[in-house]
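Quick note: residue numbers are just sequence positions, from 1.
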Amino acid sequence: MLNADPLLQRPTLVTTALLARALDGLRPQVTSPVEMWQRLTEHYVVDLDAVAALLPADEPETHWLSSRD
């Protein structure tokens with residue numbers, strides 16, 4: 001995340017409806033969730049908890065233990 005520039009005015013997205021609209025608008029332009037986070041935090045002031053609730057979480061791949069004989 002970049003250091004915030006206090007002199008740069010950025011739109012504020014703290015409500016779920018506005019955040020969802022911004023996510024829908026950015027989806028065609030980004031290729032990964034990491035890039036989505038970067039775009040949001042570079043261009044908007046966002047509620048990070050709300051963003052985390054709207055973006056799907058990356059689930060780790062299941063690692064199965066070998067069976068005992």
Side-chain angles (χ1 to χ4, degrees):
M1 191 178 336
L2 296 175
N3 292 331
D5 184 1
L7 301 177
L8 178 66
Q9 292 282 35
R10 294 184 290 167
T12 303
L13 300 175
V14 291
T15 62
T16 307
L18 290 174
L19 200 51
R21 186 176 294 165
L23 288 173
D24 287 339
L26 289 174
R27 281 190 205 279
Q29 302 168 6
V30 298
T31 57
S32 69
V34 172
E35 191 177 351
M36 178 67 78
W37 278 96
Q38 288 175 337
R39 290 275 179 105
L40 283 173
T41 56
E42 287 174 1
H43 300 293
Y44 302 101
V45 175
V46 294
D47 178 3
L48 297 178
D49 291 330
V51 174
L54 291 175
L55 284 178
D58 287 338
E59 297 294 330
E61 194 64 35
T62 304
H63 178 72
W64 297 100
L65 297 175
S66 59
S67 62
R68 295 185 198 176
D69 290 334

Next on the checklist: Among T12, V14, L13, exactly one meets side-chain contact (heavy atoms from CB on, under 4.5 Å) together with Y44. Which residue is that?
Outcome noted: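 The residue from T12, V14, L13 that satisfies side-chain contact (heavy atoms from CB on, under 4.5 Å) with Y44 turns out to be L13.
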Next on the checklist: Measuring only between side-chain heavy atoms, which start at C-beta, is T41 closer than 4.5 Å to L48?
Outcome noted: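 Counting from C-beta outward, T41 and L48 do come under 4.5 Å.
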Item to check | Interatomic distance, L55 atom CG to L40 atom CG [nearest 0.5 angstrom] | outcome: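 Result: 7.0 Å between the selected atoms.
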Side-chain donor-acceptor pairs of residues 21-36 under 3.5 Å, sequence neighbours excluded:
from, atom 1, to, atom 2, distance (Å)
Q29, OE1, R39, NH1, 3.2
T31, OG1, E35, OE1, 3.0
S32, OG, E35, N, 3.2
E35, OE1, T31, N, 3.2

Item to check | With sequence neighbours excluded, residues passing side chain to side chain contact (heavy atoms under 4.5 Å, CB included) with A50 | outcome: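 Side chain to side chain contact (heavy atoms under 4.5 Å, CB included) list for A50, sorted by chain: L19, D47.
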Checklist entry - Should L54 and L18 be regarded as members of a common hydrophobic cluster, given that ILVMFWY residues are connected when their side-chain heavy atoms come within less than 4.5 Å of each other, either directly or indirectly? => result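 Yes.
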